[in-house]
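Okay, so here's the structure we're looking at.
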Amino acid sequence: MANVPDAPKESFRLSMLLYDTRYRSLTIQVFVFMLFMAGAAWLVDNTIRNLAALGKDFNFGFLWNRAGYDISQRLVEYTNDSSHGRAMLVGLLNTLLVAFLGCLAATVIGVLVGVLRLSKNWLVGRLMTAYVELFRNIPLLLWIILIYAVFTEATPAPNAFRPNPETGIASQSMFLDAIAVTNRYTAVPNPVFSRELGWLNLGLFYVNLDVIAVIAAAVLGWWLNRMVKARATRIQNATGIRPATWWSSLLLLVGLPVAVLLGLGFHLEYPGLKGFNFVGGINVSNSFMALWLALSLYTGAFIAEIVRAGIMAISRGQSEAAFALGLRPGRTMSLVILPQALRVIIPPLISQYLNLTKNSSLAIAVGYLDLRGTLGGITLNQTGRELECVLLMMLIYLTISLLISGAMNVYNASVKLKER
Amino acid sequence: MSDTPAQTVPFVRDTMLPPAPPPASQAGALRWLRENLLSGPLNIALTLLGIGAVWYLLQGIVPWLAHSVWSADNLTQCRQIITDRWGEGATGACWAVIRERWTQFLFGFYPQHLYWRPTLAFALLFVALAPVLFARVPKKLLWFSVAYPFVAFWLLWGGSLFLPLTVAAGFGLGWAAFALLHRFGTIPAVAAAVLLPVLWWLLFAGDLSRDLTGLVGREVPFWLEQVRSDKFGGFVLAITIGVAGIALSLPLGIMLALGRQSDMFLIKTLAVSFIEFIRGVPLITLLFTASLLLNYFLPPGTTFDIILRVIIMVTLFAAAYIAEVIRGGLAALPRGQYEAADALGLDYWKAQRLIILPQALKISIPGIVSTFIGMFKDTTLVVFVGLLDPLKGITDAVRASTDWKGIYWEPYIFVGAIFFIFNFAMSRYSMHLERRLKTDHRQE
Amino acid sequence: MSEVIDRRIDRSHMQVSDEVAIQISRMNKWYGSFHVLRDIDMTVHKGERIVICGPSGSGKSTLIRCINRLEEHQSGKIVVDGIELTSDLKNINKVRSEVGMVFQHFNLFPHLTILENCTLAPIWVRKTPKREADEVAMHFLKKVKIPEQAHKYPGQLSGGQQQRVAIARSLCMKPRIMLFDEPTSALDPEMIKEVLDTMIELAEEGMTMLCVTHEMGFAQAVANRVIFMDQGQIVEQNEPAEFFRNPRSDRTKLFLSQILGH
Amino acid sequence: MSEVIDRRIDRSHMQVSDEVAIQISRMNKWYGSFHVLRDIDMTVHKGERIVICGPSGSGKSTLIRCINRLEEHQSGKIVVDGIELTSDLKNINKVRSEVGMVFQHFNLFPHLTILENCTLAPIWVRKTPKREADEVAMHFLKKVKIPEQAHKYPGQLSGGQQQRVAIARSLCMKPRIMLFDEPTSALDPEMIKEVLDTMIELAEEGMTMLCVTHEMGFAQAVANRVIFMDQGQIVEQNEPAEFFRNPRSDRTKLFLSQILGH
Amino acid sequence: ATLDDVKARGELNCGVSTGLTGFSLPDANGNWTGFDVSFCRAVAAAVLGDGSKVKFVPTTGQTRFTALASGEVDVLARNSTWTFSRDTDLKLDFIGVNYYDGQGFMVRKDLGVTSAKELDGATVCIQTGTTTELNLADWFKINNLSYTPVAIETNAEGEQQYAAGACDAYTTDASGLASTRAAFADPENHIILPEIISKEPLGPATRHGDNEWTDIVRWTLNALIAAEEYGVTSANMDELAASSPNPEIRRLLGVEGDLGPMIRLDKGWAKRAIAVGGNYGEIFAATIGEATPIGLARGLNAQWTQGGLLYAPPFR
Ligand SMILES: Nc1ncnc2c1ncn2[C@@H]1O[C@H](COP(=O)(O)OP(=O)(O)OP(=O)(O)O)[C@@H](O)[C@H]1O
Ligand SMILES: Nc1ncnc2c1ncn2[C@@H]1O[C@H](COP(=O)(O)OP(=O)(O)OP(=O)(O)O)[C@@H](O)[C@H]1O
Ligand SMILES: NC(=O)CC[C@H](N)C(=O)O
Ligand SMILES: [Mg+2]
Ligand SMILES: [Mg+2]
């Protein structure tokens, strides 16, 4: 057979659009695309007509107008003369702040509880189970409200810290003379530097050079510590004996930043009662505290489950094998169990971070002015720009979420176990 | 040197040893204590800490609970009773508020003489769920499951029987169109099955149901007393939204999951974008969209019920999560199942409907239950769009009355306890399912 | 295994007609840039029983899966029962309902009873009334000797029983051609025999069969042609007696020595 | 299996000295109130190769795991290499680093390469310099015939290869005694042989070995004593030839008939 | 148009506050009462002939205008202040003023504060999304004082925060303060400071652009006010309709002229509106007046004939 004659080229028939695998998917996609576009066009058209009927336009110009309202917790300069855009930034930073601190605390709680739940101690195990079940099965909103209620209903007013003019004794006293938990806020000392380096203008906001210096010192310490560790590993590789590094680690990780702090004349400014309220320190509002604690405790319960499952997923065989080789429990944990458990734990952990960030929008329940409270709340209401505000707010939340899950994907790809 | 040293005498046991009881250290309460509470210094410290924590908590709560008052007309009276009984300065729980208002927590402002309707709807829910959850229930009951949404709607909102009937007829129409057109190919059949009911609902359903209602009048078998959405509240509202959300999000979630698995670029992209978008924004913003923006997106002049709008948004929200759950279920199926279906000549839809989805859904039930738990908890957020959810909406309403102004913990504890019981039961059930699926997913 | 060979097989019914059942010409297939099947030419007549063997990865499964287009080929031509396999869905579905396939891992549907497994395709593809489909299914279940299991679920059956159900399931579609992809290799030794017996019976009835298998006893007893594949090509084909006694290519010899060695 | 038995094993090096490696006397163990090991008496000499067999649940694994105290015993005495196993952590660690153990499911560390798996314990327990540890590891990897896989991860190896790595990993600690707990029972038949070969080689070098296995061919070829356990007690022990030819207790007979029956 | 929608629906959707004693508050059975509520009922009676055909939609300071703009409610009667930007930029139509108010402060008596000027450094509870929020910021700035705002969503929340001592002062419309104070168990321990820092003309609002509907709502309010001015009450109106010689009253009560049809209603619309809860004065007295626990005096809200600002345009 010299040449198998190819089948004569089939002429195109209309039915092939439906029945030929090559064209079929195209047909379906075109059909779906048209449906989608029609739907989108319908929505947009409705929106335009509705806006026209209401005499409104679609315009983000309001972001540059004066906001006029005050925000008590602000991480960047803001007064009621600032613009709505700036108020949005303040709200966004508040969201990020509570989300970040929440993730931090939730992780600590979750890891602690997760490990304790695995402990052989019956009592502790039961307590931790109770905690986890309680928090997981009751709506977050209830926890936020309850914790807020504990703060406002069960703590003294700032006035209670004032000495009675007759007896000279206050009915409440501050913890260590530094911290006062009141029904409005928790007053804590304010870190200040007597030898200030000044402020750096970053356009959108200013940053304190002292803080930068301390962070730089911490990073430097961390980096040096890594060098020390690497050196220890080198020595170990060469001689088999690993030199003790805990003291140098301590010195570098803690000592260095402390030295810089001292050098900058770091001290605490203690809050004192003046007029109606404590001044001098930092007043962390109860709405923030309640939101933060509730988010941390709630998410912590989920993280505890993740941690527990992660450790349990590393089969008993792994630690037995390590024991059988003569490795001690501590080393087994750090060399064998943790590196594996982390791979299992981190992806769901990050999606919990994502949930926490999204749940921080429940700030609305306690009047914490986050992104939803400023942009999606007061600004929306004062300007009447529902469409713009809600869309912008969604866009920002979406961006945050995508950034977090993007980070997760990168991590997943980098630690994936090699398989056949 | 011998290969076997002399010492290894061949050995045979003539009489088997009976099991002996374990030594004292291995049994009894002592061992339990030693092993579970006091093994090692760390454990002892933990035990002490644990006892401390429990003690601290109980100390705060027990006296308060012990001083419970179950009957009083208002808060002042209640406080007075506590002072009278347990002395000046004693604090106690005023459960009287729950005793007086518990129906509101459960039913919101639903008319009292109609309480039987949501109750019946709730009871029927279990009947409708039975064929899904228990394999042994006769499959005929599935027809009831299909009819249940319409029955429940009618029971809850009342009004004319013909409204749910005509809506259901739309689905019937779609199904009939699909069955009739199927021989001409799947795509036209699907298109017809979607378009026909939509046309029916938009053009005929409303008038027909009105005419029929006019015809037979407002008599009992065709008409139930109407209950407006603003009367809904409390757990009736939460369960209505939760169940409707899950039920509606299932088909949507399945479509999304299949879309995400599709190898058609556009469809996959659309599915992924939708899922990621919904999962990337807080539910609150979606609820705000429902209450603030939906009217912008609909033709001028359309208004519809806020509960319905919330259900739509919650459905979209849950669908994205359900889609991910089902995707997991689909991924867990061995490729062989797809291939066997192909090899038998089943087309894509038949293979999905008869082979793939029944299995994938079954694997996904635990995930669906957890999604439901999450959603049930999230129904409390509807308070922010002005609905009377049990947690904040109703408690605020109760507290707004002069009688109970100032009461705080009791309503929250009550609502929290109910949520806990519901969710804990469901999560235990789903764990049980998970275990069962693990062992007998290949056997029934 | 030896039992299979010993068994006296009545070859009288096993007639091979002149009609062509499967015609493959110059067929090539790539996975990405990996050339799995190279210039396959092959004609199968009605009633032929062909055994395909060869080392792992040589493309046997791929070849057989191309025949009912579980895999798409990229060049060349495959005509099954007079229908050319192109991207036309209708043709594909027609071919698939004419060609039965039995997999290594049975691939029964675990959520359906044995009977439902067997009636599913007849009801939904062939549009047979349920009653009739049930009767046909029971007929074939009897044939594979497990009618009493009809209302159990696959998970409750042994591997051998499951594979026999899989065969019955294919038969219920009344296929003209049966494809087997290592139907016994996932089975415990005791169960291999019962499946092979079923297959032999099928062969005796004159079914056109293509079977990937390493059961050489079966090949000798039933096949009227053995095809040896390596690296995606047909290296040698012959009638079984000749093939085993007198392998011509070195690769075949090597392969046979390995496979019959133990 | 038959190949293993057929293989001519050079027993000349496999000398058994008089020195005692493991001495177990009147050892009892309970799980809660369940009496798993009952009055175990057993002496193992340096260079002995002991195979332990018995029905499932008879306590074989538990016995072997008591020897490096993965399980705690409640009464009686276990002395390994002159060190008595008590709750003293130092002794336990000393014993564990002298006793190698190979598990049924390999238990390699999936996040480390093959080489790292082998050097982990020498570096952290024996404080061997890395270079030296690497050399030792490569030596043993060569011995188990997979030096070329050193930089792959366990997940990339076949089961047989993984089990050989597990053996190499134990050997890297230069143990005086090796414990095997059904090292081949999770493997495909083709792979069993390569692992058994490795073990035989080890035996030929005079390693003291305790091996729970059902590979009776291996037992006959290598062991100088077979111990049969049932219900937590040693029911019979003898040298392999005698043990298989002439089982004395009824339980042993029953067990052997089941295991060699097919 | 809204009128047709309402008629078709058979029900008026009315946006009210989530709970402000005397203005709008649901009782244990979900029945709403109050000053704003009565106005909604009057409109429903005028349009639908039945004052009970109202669905009350509770709105917060933040959600109210969107609820109106999105069509969720037909009328917003939620002590909302008539301001320039709300009337223009937010596309609302304030149909008039039903209560002339101003922003005040409430503090605990034992705080020892007698003037708002002494509130430097205080924590102030403030409802978000209100004019009072903006006034507060302005006022403290003008007076060069500092304060910490505590943002709250609803009056109930504000009440609770203030009662718990989480803020030193609570600020909102003076009427709202009075209502809040009246609801306390110990009203005598709280004082409303003398400063009124803003003008708060409160009035019902409708959507911009639907003049027909706006007219109906506006003239319903005017009818209530005019009725008080002419002495028409729910008790005597039948009698007056039959016997009053005053053409203005006759036109109002629909015995004479064609006012109803001019706004696409029937002749008896105003009569029905008055019949539900009485005229303006009756409503005021029954819900927030001096005889109620809230105890507000008529003050600026007296008829112009009594030295107040209420001045209904002529019915002619
Ligand atoms: N989906 C796929 N993508 C890429 N390569 C594949 C795919 N399926 C199979 N292959 C490769 O194609 C080659 C032939 O595979 P095939 O399964 O046909 O071999 P086989 O002869 O059936 O082997 P076995 O006896 O192991 O079943 C193998 O090298 C395999 O790795
Ligand atoms: N951690 C444990 N707790 C309680 N009982 C256990 C535990 N581990 C094992 N057992 C029980 O102890 C008995 C002996 O177990 P062991 O694993 O030693 O048996 P085996 O002889 O190795 O069996 P196999 O051949 O199946 O491995 C079994 O009945 C088992 O159920
Ligand atoms: N307190 C309120 O809810 C209303 C405040 C004010 N009258 C406003 O309209 O903004
Ligand atoms: Mg194959
Ligand atoms: Mg074992």
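First the proteins, then the strands, lettered A, B, ... as listed; each starts at 1. Quantities reported herein were computed from a predicted structural model and do not represent experimental measurements.
Taking 4.5 Å as the limit, every side-chain heavy atom of A/N80 sits out of range of all side-chain heavy atoms of E/F140. Between E/L134 and A/Q382 the shortest side-chain heavy-atom distance falls below 4.5 Å. A 4.5 Å side-chain heavy-atom check between E/T123 and A/F276 finds every atom pair outside the cut-off.
E/R207 touches chain A through its side chain: at least one heavy atom from C-beta onward sits under 4.5 Å away, while N, CA, C and O do not. Contact of A/D70 with chain E is made through backbone and side chain together, with heavy-atom distances under 4.5 Å. Only the backbone of E/D120 comes within contact range of chain A, with heavy atoms under 4.5 Å apart. Contact annotation for A/N159: only side-chain heavy atoms (C-beta onward) come within less than 4.5 Å of a heavy atom of chain E. At a 4.5 Å heavy-atom cutoff, the contact between E/L119 and chain A is made by backbone and side-chain atoms alike.
Summarising the geometry of E/A69 relative to A/E386, their closest heavy-atom pair is CB-OE2, 4.3 Å, with the distance given to 0.1 Å.
Per-residue counts of heavy-atom pairs under 4.5 Å with chain A were compared for E/K141, E/R86, E/H208; the largest is that of E/K141. When each of E/A122, E/G121, E/S85 is checked for heavy-atom pairs under 4.5 Å with chain A, E/A122 comes out on top. The candidate from A/S287, A/A365, A/S72 with the greatest count of non-hydrogen atom pairs under 4.5 Å with chain E is A/S72.
Listed by sequence position, E/P149, E/A151, E/E153, E/E157, E/Q160, E/Q161, E/A164, E/G165, E/A166, E/C167, E/D168 are the residues of residues 149-173 of chain E in contact with chain A, using a 4.5 angstrom heavy-atom cutoff. Residues of residues 146-156 of chain A that come closer than 4.5 Å to chain E, counting heavy atoms only, are A/Y148, A/T152, A/E153, ordered by residue number.
Crowding of A/W292 atom CH2: a count of heavy atoms from other residues, nucleotides or ligands under 6.0 Å not exceeding 12. Heavy-atom neighbours of A/K274 NZ from other residues, nucleotides or ligands within 6.0 Å: at or below the threshold of 12. Crowding of A/F60 atom CZ: a count of heavy atoms from other residues, nucleotides or ligands under 6.0 Å exceeding 12. Applying the 6.0 Å contact sphere to NZ of E/K199 captures no more than 12 heavy atoms from other residues, nucleotides or ligands. More than 12 non-hydrogen atoms from other residues, nucleotides or ligands lie less than 6.0 angstrom from CD of E/E212.
Remark: E/T132 OG1 to A/Y69 OH distance equals 14.5 Å, nearest 0.5 Å. Atom NZ in A/K56 sits 8.5 Å away from atom CG in E/D89 (nearest 0.5 Å). The distance from atom CD of E/Q62 to atom CD1 of A/I378, rounded to the nearest 0.5 Å, is 6.0 Å. Interatomic distance, E/T60 OG1 to A/I364 CD1, rounded to the nearest 0.5 Å: 7.5 Å.
The backbone N or O of E/T130 lies less than 3.5 Å from no partner atom in the side chain of A/N381, so there is not a single donor-acceptor pair.
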Inset, instruction - Give the C-alpha distance, both sets of side-chain angles, the deciding distance and a yes or no for salt bridge (Lys or Arg N to Asp or Glu O under 4.0 Å) between A/R66 and E/D138. - result: CA-CA 12 Å; A/R66 176 171 182 267; E/D138 290 347; 3.3 Å; yes
